[in-house]
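Take a look at the structure set out below.
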There are 2 protein chains.
Amino acid sequence: MPKTDSDLNVSREATSLRLLVENRLRSAIGSGLFKPGQRLIERELCEQTGVGRTSIREALRQLEAEGLVTTIPHRGPIVSTITADEAAQLYDLRALLEGFAGRECAKRRDPAIIGRLRTQYERMVAVAGNDDRSELLAAKTEFYAALLEGCGNVFVERFLKMLLNRVTVLRMTSMTQPNRIGRSLQEIGGILVAIESGDEDGAEQACVQHINNAAAIALDALRRGET
Amino acid sequence: MPKTDSDLNVSREATSLRLLVENRLRSAIGSGLFKPGQRLIERELCEQTGVGRTSIREALRQLEAEGLVTTIPHRGPIVSTITADEAAQLYDLRALLEGFAGRECAKRRDPAIIGRLRTQYERMVAVAGNDDRSELLAAKTEFYAALLEGCGNVFVERFLKMLLNRVTVLRMTSMTQPNRIGRSLQEIGGILVAIESGDEDGAEQACVQHINNAAAIALDALRRGET
DNA sequence: TCTGGCCGATTGTCAGACAATCTGTCAAGC
DNA sequence: GCTTGACAGATTGTCTGACAATCGGCCAGA
């Protein structure tokens, strides 16, 4: 990211209402407050958010483009559901892209990125034992954010973000398996080491393997459960 | 695709106005009618299309999500420009995804898909000599469409479509090089053969190589030209 | 030449309105 | 009882008009 000389970045959070709504809805869906399949009725959203229908609708169009919601004509938007089949495809693609990202990170070895990766990894190790998983999840999210930025490809970054939004709910499932955490951490550590040592093939493989393992668990739970 | 018993598919083209506008704008940008960097003023679009601002704005949000237009706050949307650097990243990702698609096609060997690929390839060969390139381009587009569908991964398909929309203008450039056509056809033939014979590695390699070659030319032209 | 302020253009957002369309229900008919 | 048809309510899709906020450029003044 182009860092300004001195940090005079007037954050310009003055984002439009539409963007605020968009982010709210995104996190509402990601956090499970809005469940897959649930209808999102415009007027209700207007009341809940206090903004006009215009802004709501435009935000919904954006989320629709990202695949988070699906609009049924003359019926309105619903939170997208995902079949086991699609989930498998999603994980396939994610493995491909994250493998690429891992490889690129290892190739570039940007110290700033590596620093962030290591920080988050250590944070994950530190809080792994907590009952409250939220911080673990936060650390993992940050870890991935660094990985995506580090790959130096804005398209990969954008696409992976979209994919991650869609698996968030599934990821909760797979993280719930208690004894998965240990293995997961181990795998992530492997990714970190490979990147730090510039081992491109190793980093790619580690990323792919990590996703595949997570996918196996998530898909299993998904098939066992419903929808 | 789930084919209905008898072909009673009432095409239900009755898509919403918003979708019509969206497609119009997409092709207007893809065809170069709207040039990169050009401002898209809502009211003008309203006049040109004859629809209200509501529909225009929602369509723009969609295109924005796809990356085709970029909205500058309080300034309005412009047709997205692309730097040489970003173009390189775009081609990198495209190579990755199309390599994946090629591999999957070779793995699955769906006769319907292979038939379509071959048909379009032969069509390309047939019209390669024409002065008018439009049919060649159309055939190539169809070829790719079949390749994307054949990979059996809706996410890969969707993402690649987005990427293709963004390179369309660049692709024109690279196709303009006259003696590139021969090589290009040869490469595409290679892809087809590999898929038909189920050679996964070969198909992937052929796809990647094809994109890399196209990228080299396009990027060269881009750097030589402007922006 | 640089500074500051004004003005037009355009977006961002809202409220209200209306037709088109979908869904569920309920009565009528076999 | 089960199917058919019609009606009513709910909700979207779209338009219109409106207004404040903001951006860019122009022009006067130092």
Side-chain angles (χ1 to χ4, degrees), chain A residues 4 8-26 28-29 34-81, chain B residues 4 8-26 28-29 34-81:
Chain A
T4 46
L8 286 181
N9 242 329
V10 179
S11 53
R12 184 50 157 163
E13 298 293 351
T15 52
S16 59
L17 264 187
R18 168 182 74 243
L19 283 191
L20 290 182
V21 171
E22 198 184 303
N23 289 331
R24 280 300 173 80
L25 293 182
R26 220 196 308 272
I29 293 174
F34 290 156
K35 301 193 186 355
Q38 178 178 340
R39 285 187 66 181
L40 300 176
I41 294 162
E42 295 179 0
R43 215 167 313 172
E44 290 181 4
L45 295 180
C46 289
E47 289 170 9
Q48 289 168 12
T49 60
V51 306
R53 212 149 70 99
T54 310
S55 305
I56 294 283
R57 285 181 62 95
E58 292 190 18
L60 284 173
R61 290 290 92 72
Q62 175 80 27
L63 296 184
E64 188 183 1
E66 293 175 20
L68 269 183
V69 309
T70 305
T71 297
I72 305 172
H74 289 284
R75 189 86 208 292
I78 63 174
V79 179
S80 294
T81 58
Chain B
T4 46
L8 286 182
N9 243 330
V10 180
S11 53
R12 185 49 158 160
E13 299 292 352
T15 52
S16 59
L17 265 188
R18 170 196 351 129
L19 283 191
L20 291 182
V21 171
E22 200 184 300
N23 289 332
R24 279 302 171 80
L25 293 182
R26 222 196 306 272
I29 293 174
F34 290 155
K35 301 192 185 358
Q38 178 176 342
R39 285 187 65 181
L40 300 176
I41 294 163
E42 294 179 0
R43 215 169 314 170
E44 289 181 5
L45 295 180
C46 290
E47 289 170 8
Q48 290 168 13
T49 60
V51 305
R53 212 148 71 98
T54 311
S55 306
I56 294 283
R57 293 190 106 240
E58 291 190 18
L60 285 174
R61 289 290 92 71
Q62 175 79 28
L63 297 185
E64 188 183 0
E66 293 175 20
L68 269 184
V69 309
T70 305
T71 297
I72 305 173
H74 289 285
R75 190 84 209 291
I78 63 173
V79 179
S80 294
T81 58

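Letters A, B, ... are given to chains in the order of the sequence lines, protein chains preceding strands, and every chain is numbered from 1.
- Remark: C1' of dA21(D) and CZ of Arg75(B) are 16 Å apart, rounded to the nearest angstrom.
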Working for side chain to side chain contact (heavy atoms under 4.5 Å, CB included), residues Leu25(B) and Leu45(B): CA-CA 9 Å; Leu25(B) 293 182; Leu45(B) 295 180; 4.3 Å; yes

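- Between Leu60(A) atom CG and dT11(D) atom C1' there is a gap of 13 Å when expressed in whole angstrom units.
- Rounded to whole Å, atom C1' of dT22(D) lies 5 Å from atom NE2 of His74(B).
- Considering all non-hydrogen atoms of both residues, Cys46(A) and Gly52(A) come closest at SG-C, 3.9 Å.
- Applying the side chain to side chain contact (heavy atoms under 4.5 Å, CB included) criterion to Thr54(A), with sequence neighbours excluded, gives Glu58(A).
- Rounded to whole angstrom, the span from the CD atom of Glu58(B) across to the P atom of dT12(D) amounts to 12 Å.
- Listed by residue number, the members of residues 39-54 of chain B with any heavy atom below 4.0 angstrom from DNA chain D are Val51(B), Gly52(B), Arg53(B), Thr54(B).
- Between its two ends, the helix from dT1(C)-dA30(D) to dC30(C)-dG1(D) turns its axis by 20°, counting five pairs per end and rounding to 10 degrees.
- Considering Ile56(A), Ile78(A), Leu63(A), Val79(A) as possible partners of Leu40(A), the one that fulfils the side-chain contact (heavy atoms from CB on, under 4.5 Å) test is Val79(A).
- Take Thr71(A) and apply the side chain to side chain contact (heavy atoms under 4.5 Å, CB included) test, not counting sequence neighbours, and it matches Arg61(A), Glu64(A), Pro77(A).
- Every residue two or more places apart in sequence or in another chain was checked for a side-chain hydrogen bond (donor to acceptor under 3.5 Å, both in side chains) with Ser55(B), and none qualifies.
- Atom pair Ile56(B):CD1 and dT10(C):C1' shows a separation of 15 Å (rounding to whole Å applied).
- The CD1-C1' distance, from Ile78(B) to dC23(D), rounds to 14 Å in whole Å.
- Remark: Glu66(B) pairs with Arg26(B), Gln62(B) by the side-chain hydrogen bond (donor to acceptor under 3.5 Å, both in side chains) rule, at least two apart or across chains.
- Straight-line distance from the CZ atom of Arg18(A) to the P atom of dC14(C): 11 Å, rounded to whole Å.
- Thr70(A) is linked by a side-chain hydrogen bond (donor to acceptor under 3.5 Å, both in side chains) to Ser80(A), counting only residues two or more places apart in sequence or in another chain.
- For the pair Arg57(B) CZ and dG17(D) C1', the interatomic distance rounds to 15 Å; values are reported in whole Å.
- Applying the side chain to side chain donor-acceptor pair (under 3.5 Å) test to every pair with at least one member in residues 35-44 of chain A, sequence neighbours left out, gives these pairs: Glu42(A)-Arg53(A), Glu42(A)-Arg57(A).
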